Colleague: 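Can you read through this structure? Questions will come right after.
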Amino acid sequence: MESDIGFQAALEEARKGASEGGVPIGACLVSADGKILGRGHNLRMQKGSPTIHAEIGALENAGRLPASAYQGATMYARQEYNSADQWPSDGFSTADYLRPVKRVVLGENKTFVGGEDYLKQRGIEVVNVNSAECEDLMKKFIKEHPEEWNEDIGEQ
């Protein structure tokens, strides 16, 4: 799974976010036939935005597409999101209802466990790759930016 084009694109986005001083979470939306529709990374720190999560960035960058383009698609995400926000975030939840994503592939869930059950209850397959690189990226961010991590994701 780590060799999948979607996973690699999400990981590249996570690295890009980290290089910008942001939360190292990337995402990539891939169509059922394997075409990248959109990709993005978390811009919460860079833009001071509570809404620009990686998945929303990927959907935004996919642009305006017919609903059929999303049928059977897979969302690759570097990590689960905030369970306090009922991961995926309310924005992604809404997007999920509007776009029939079939599967979510997570890079890891050791640094933060979010809402896998939330997705599964909605019939979405959840695959966890357990990537050491993904885990290391997030551990480094948490260590170097504890205030930002605890601001809305970490310990309250």
Side-chain angles (χ1 to χ4, degrees), residues 1-20 22-45 51-63 65-143 149 152-154:
M1 186 75 55
E2 287 191 55
S3 63
D4 282 0
I5 189 170
F7 179 79
Q8 287 304 312
L11 188 53
E12 287 171 14
E13 290 291 333
R15 290 181 194 128
K16 183 176 181 183
S19 74
E20 296 170 351
V23 182
I25 299 176
C28 182
L29 181 65
V30 177
S31 68
D33 64 357
K35 177 183 172 195
I36 290 179
L37 299 175
R39 52 191 280 175
H41 58 279
N42 186 301
L43 292 169
R44 188 172 67 83
M45 304 306 301
T51 61
I52 308 177
H53 292 281
E55 292 84 354
I56 297 301
L59 289 168
E60 178 72 20
N61 291 325
L65 298 171
S68 61
Y70 299 91
Q71 192 66 41
T74 297
M75 179 65 79
Y76 291 82
R78 203 226 46 88
Q79 177 190 12
E80 285 193 271
Y81 260 83
N82 190 348
S83 61
D85 290 336
Q86 300 299 310
W87 193 93
S89 65
D90 289 340
F92 184 59
S93 300
T94 301
D96 173 54
Y97 287 119
L98 295 174
R99 305 290 182 223
V101 173
K102 171 181 120 176
R103 181 171 65 147
V104 172
V105 176
L106 305 172
E108 63 97 8
N109 69 352
K110 292 179 184 171
T111 57
F112 193 89
V113 177
E116 290 180 37
D117 291 340
Y118 181 84
L119 295 170
K120 291 175 183 176
Q121 289 171 1
R122 282 146 185 82
I124 297 172
E125 177 188 2
V126 177
V127 177
N128 186 346
V129 175
N130 290 310
S131 166
E133 182 177 358
C134 288
E135 184 177 347
D136 291 344
L137 276 169
M138 187 54 73
K139 282 181 176 178
K140 182 177 185 219
F141 177 82
I142 293 168
K143 183 179 179 182
W149 173 252
D152 79 342
I153 296 174

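Since we're looking at a predicted model, the values are computed, not measured.
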Colleague: Report the residues that fulfil side chain to side chain contact (heavy atoms under 4.5 Å, CB included) with Ala73, sequence neighbours left out, ordered by chain and then residue number.
Modeller: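 By the side chain to side chain contact (heavy atoms under 4.5 Å, CB included) rule, Ala73 matches Leu29.
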Colleague: How many angstroms lie between atom CG of Asn109 and atom CE of Met138, to the nearest 0.5 angstrom?
Modeller: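 Here the interatomic distance stands at 12.0 Å.
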Colleague: When rounded to the nearest 0.5 angstrom, what distance separates CG in Leu59 from CG in Leu65?
Modeller: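 Separation between the atoms: 9.5 Å.
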Colleague: Taking the side chain as every heavy atom from C-beta outward, state whether Ile56 and Thr51 have any atom pair closer than 4.5 Å.
Modeller: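 When only atoms from C-beta onward are counted, Thr51 and Ile56 do not touch, as no gap falls below 4.5 Å.
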Colleague: Please report the closest heavy-atom contact between Asn128 and Glu108, naming both atoms and the distance.
Modeller: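 Scanning both residues, the minimum pair turns out to be OD1-CA, 3.4 Å.
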Colleague: If you take all heavy atoms of Leu11 and Glu133, which pair is closest and at what distance?
Modeller: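 Shortest heavy-atom contact: CD2-OE1, 3.4 Å.
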Colleague: Applying side-chain hydrogen bond (donor to acceptor under 3.5 Å, both in side chains), can you list everything that pairs with Lys139, at least two apart in sequence or on another chain?
Modeller: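 With neighbours one apart ignored, the set is Glu135.
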Colleague: Out of curiosity, Gln71 CD to Ser31 OG, how far, rounded to the nearest 0.5 Å?
Modeller: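 Here the interatomic distance stands at 12.0 Å.
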Colleague: Can you name the residues that form a side-chain hydrogen bond (donor to acceptor under 3.5 Å, both in side chains) with Asn61, not counting sequence neighbours?
Modeller: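 None.
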Colleague: Report the distance from atom CD1 of Ile25 to atom SG of Cys134, rounding to the nearest 0.5 Å.
Modeller: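 Reported to 0.5 Å precision, the distance equals 10.0 Å.
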Colleague: List for me each residue that meets salt bridge (Lys or Arg N to Asp or Glu O under 4.0 Å) alongside Lys102, sequence neighbours excluded, and say none if there are none.
Modeller: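 Lys102 satisfies salt bridge (Lys or Arg N to Asp or Glu O under 4.0 Å) with no other residue.
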Colleague: Hey, does the side chain of Glu20 reach the backbone of Gly22 with a donor-acceptor pair shorter than 3.5 angstrom?
Modeller: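 Checked: no pair found.
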Colleague: Given side chains that start at C-beta, do those of Lys140 and Ile142 come closer than 4.5 Å, heavy atoms only?
Modeller: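 No, every pair of side-chain atoms sits at 4.5 Å or beyond.
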Colleague: Of the non-hydrogen atoms in Ala54 and Gly26, which two are nearest, and what is the gap between them?
Modeller: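 That closest heavy-atom pairing would be CB-C, 3.6 Å.
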Colleague: Can you tell me if Asn42 uses its side chain to pair, donor with acceptor, with the backbone of Arg44 under 3.5 Å?
Modeller: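 Between the backbone of Arg44 and the side chain of Asn42 there is a qualifying donor-acceptor contact (under 3.5 Å).
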Colleague: What heavy-atom pair brings Cys28 and Gly6 nearest, and what distance separates the two atoms?
Modeller: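 In terms of heavy atoms, the two residues are closest at CB-O, 3.4 Å.
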Colleague: Which value, rounded to the nearest 0.5 Å, describes the distance between Lys110 atom NZ and Asp136 atom CG?
Modeller: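 The NZ atom of Lys110 sits 10.0 Å away from the CG atom of Asp136.
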Colleague: So, for Ala62 and Tyr70, which heavy atoms are closest and what is the spacing to 0.1 Å?
Modeller: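 For Ala62 and Tyr70, the tightest heavy-atom pair comes out as CB-OH, 4.3 Å.
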Colleague: Does Lys120, at its NZ atom, have more than 12 non-hydrogen atoms belonging to other residues, nucleotides or ligands within less than 6.0 Å?
Modeller: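 Yes, because the 6.0 Å sphere around NZ of Lys120 holds more than 12 heavy atoms from other groups.
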Colleague: Could you tell me whether the side chain of Leu137 reaches within less than 4.5 Å of the side chain of Thr111, counting heavy atoms only?
Modeller: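 Heavy-atom side-chain distance check fails, nothing below 4.5 Å.
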Colleague: What pair of heavy atoms forms the shortest contact from Tyr76 to Ala10, and how long is it?
Modeller: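 In terms of heavy atoms, the two residues are closest at O-CB, 3.8 Å.
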Colleague: Applying side chain to side chain contact (heavy atoms under 4.5 Å, CB included), can you list everything that pairs with Glu12, at least two apart in sequence or on another chain?
Modeller: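 Checked Glu12 against side chain to side chain contact (heavy atoms under 4.5 Å, CB included); matches are Arg15, Arg39.
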Colleague: List for me each residue that meets side chain to side chain contact (heavy atoms under 4.5 Å, CB included) alongside Glu60, sequence neighbours excluded, and say none if there are none.
Modeller: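 Checked Glu60 against side chain to side chain contact (heavy atoms under 4.5 Å, CB included); zero matches.
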